[in-house]
Amino acid sequence: MPNEFDATGFATRAVHVGNGTDKDSGAIKRPITMANSYALPYDPTDMNWSSADGNLYTRNGGTNQKYLQERIASLEGGEDCVVLASGVAALSGLFFALLNQGDHVIFSSVTYIAVYRLLHELLNNKFGVETTIVDTSDPANVEAALRPNTKLIHIETPGNPTLTVSDIAAIADIAHRHGALLSVDNTFASPYNQRPVELGADFSVESLTKYINGHGDAMGGAIVGKKAHLDQIRAASQVNLGGTISPFNAWLIMRGSVTLPLRMRQHNENALATARWLEKQPCVSFVAYPGLESHPGHAVAVRQMSPGYGGVLSFGLKADHDTHNRFVSYLKIVTSAVSLGHDESLIVFLGENDERQYLYPVEFHNGFFRFSVGIEDIGDILGDLKQALIQCGLEVLE
Ligand SMILES: *Cc1c(COP(=O)(O)O)cnc(C)c1O
């Protein structure tokens, strides 16, 4: 989707791409078009009713969706983009459109739970798609899992919830040498810190619900890649499966995305400061954050993430199960809730009985926190953690 802002910087594109003057009113912000249908030509008999080009019916696409697609394609550095109703609609739409019975998929051992369910249970059991789960933090594991029918490699980096890092360029190279495609879930990094398509991936998938909207008030998903692939996904998964985003949510995400660069700068800075502070605490058993030198994927993260490492980290406490819940109950600024990438800090205690724990490094086996560090003042975030740890009777240093 070439546009007049291609030569400008990331922050300029986050403001301008997809915006324009409304022809009817002269408003310098484009309006929300809540119509389900658009006017037909004089003789509609030759229309392709499943076309996603032009404006016909909002399930097939509409103005607000198109503006948002232009912006996300530009920020991710991709040729084309499809936006759908949620991150999971984007992931399932990608898998449904690309995979056929008998195809083989390799996917990373750390992925969003719905990816595990979609690939390893639904597509596998119901539709005969073969799947192999590998620890993609070592590209050699990917190479070893290839089969003649491997169609797709799907990785998430940094991965939710362990922050495992996988080398996008190395895995893209392996995929392409064997005629397979690579998709990368880029939700944790956001395009501000990492652009998988520029690193050689065929697809970058985003939950727009998280950093790109950034305000915790709308859901959406995006797939970025080559137009030929995306036309296929649009036809199969938007028009015919119907995972269309509402024009209002597309508009909200468009507005939220304007400040993505500003917010990400603060998320990066606050998360690194929080990770460093937690790492010093005697009561903390481990901290997983790709920006820390102690992270096993730090060197790869330095190569493929810039200028920062995102706002999510995970950590454990040297404490029993109930102390973890008490700690959360004492927090006043940090909110206990799922999701991530919101303006506010969010924490979730992932207990000991997650069915996928066997796929995670051993330090994650006793229960841990996933912490999405918000854009509040860092002194208030650290102060909140500190007072809650002290109330739990745990040892805290400055
Ligand atoms: C939240 C999330 C998703 C799913 O996105 P929804 O918008 O909730 O459907 C996918 N991948 C990752 C890494 C996520 O964190």
Side-chain angles (χ1 to χ4, degrees), residues 65 68 72 76 81-96 107-120 122 136-137 154-166 168 183-194 196 201 203-224 237-238 241-246 248-250 252-253 256-257 260 264 267 271 288-290 297 301 305 309-314 337-342 344-348 350 354 356 359-360 369-374:
Q65 292 93 314
L68 181 59
I72 304 300
E76 292 271 351
C81 171
V82 177
V83 295
L84 293 167
S86 66
V88 166
L91 289 159
S92 58
L94 172 78
F95 301 148
F96 176 78
F107 71 100
S108 47
S109 48
V110 180
T111 58
Y112 194 67
I113 182 80
V115 169
Y116 178 81
R117 295 251 185 279
L118 277 164
L119 291 174
H120 204 56
L122 286 166
T136 55
S137 65
H154 177 78
I155 62 173
E156 196 172 298
T157 180
N160 185 359
T162 65
L163 282 299
T164 305
V165 169
S166 300
I168 298 171
S183 60
V184 179
D185 188 326
N186 198 39
T187 302
F188 264 40
S190 92
Y192 182 71
N193 289 319
Q194 177 174 277
F203 303 100
S204 178
V205 186
E206 288 279 353
S207 167
L208 302 173
T209 312
K210 312 292 171 55
Y211 287 108
I212 293 180
N213 180 51
H215 295 73
D217 51 13
M219 304 199 85
I223 309 160
V224 174
S237 303
Q238 176 168 315
L241 276 185
T244 312
I245 193 170
S246 82
F248 182 54
N249 279 5
L252 277 174
I253 294 166
S257 69
L260 176 71
M264 286 318 298
H267 284 296
Y289 184 66
M305 301 180 80
Y309 305 94
V312 186
L313 56 87
S314 288
V338 295
S339 200
L340 54 99
H342 297 190
E344 67 191 301
S345 292
L346 299 175
I347 198 162
V348 52
L350 295 163
D354 182 323
R356 294 187 303 158
L359 296 167
Y360 300 160
F369 296 106
R370 187 188 67 195
F371 185 17
S372 172
V373 184

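In this text the structure is predicted, and so the values were computed from the model without any measurement. Note that ligands are numbered from 1 as they come in the structure, with each ligand's atoms numbered from 1 the same way.
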For the aromatic rings, using the six-membered ring if either is Trp, is the centroid distance between Tyr192 and His267 under 6.0 Å?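 No, the ring centres sit 6.0 Å or more apart.
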Does any part of the side chain of Ile253, heavy atoms only, come nearer than 4.5 Å to the side chain of Ile245, both counted from C-beta?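 A side-chain contact under 4.5 Å exists here.
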Does a side-chain heavy-atom distance below 4.5 Å link Tyr116 with Leu359? yes
List the residues meeting salt bridge (Lys or Arg N to Asp or Glu O under 4.0 Å) with Arg117, not counting sequence neighbours, and say none if there are none. Glu121, Glu355
Leu346 backbone acceptor or donor facing Ser372 side chain under 3.5 Å: no
Whether Ser108 side chain and Thr136 backbone form a donor-acceptor pair below 3.5 Å: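 No, the answer is negative, given that no donor and acceptor are paired below the 3.5 Å cut-off.
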Which atom pairs, nitrogen or oxygen on both sides, join ligand 1 and the protein at under 3.5 angstrom?
from: ligand 1; atom 1: 5 (O); to: Ser207; atom 2: OG; distance (Å): 3.0
from: ligand 1; atom 1: 7 (O); to: Gly87; atom 2: N; distance (Å): 2.8
from: ligand 1; atom 1: 7 (O); to: Ser207; atom 2: OG; distance (Å): 2.8
from: ligand 1; atom 1: 7 (O); to: Thr209; atom 2: OG1; distance (Å): 2.6
from: ligand 1; atom 1: 9 (O); to: Gly87; atom 2: N; distance (Å): 3.0
from: ligand 1; atom 1: 9 (O); to: Val88; atom 2: N; distance (Å): 2.8
from: ligand 1; atom 1: 11 (N); to: Asp185; atom 2: OD2; distance (Å): 2.7
from: ligand 1; atom 1: 15 (O); to: Asn160; atom 2: ND2; distance (Å): 3.2
from: ligand 1; atom 1: 15 (O); to: Lys210; atom 2: NZ; distance (Å): 2.8

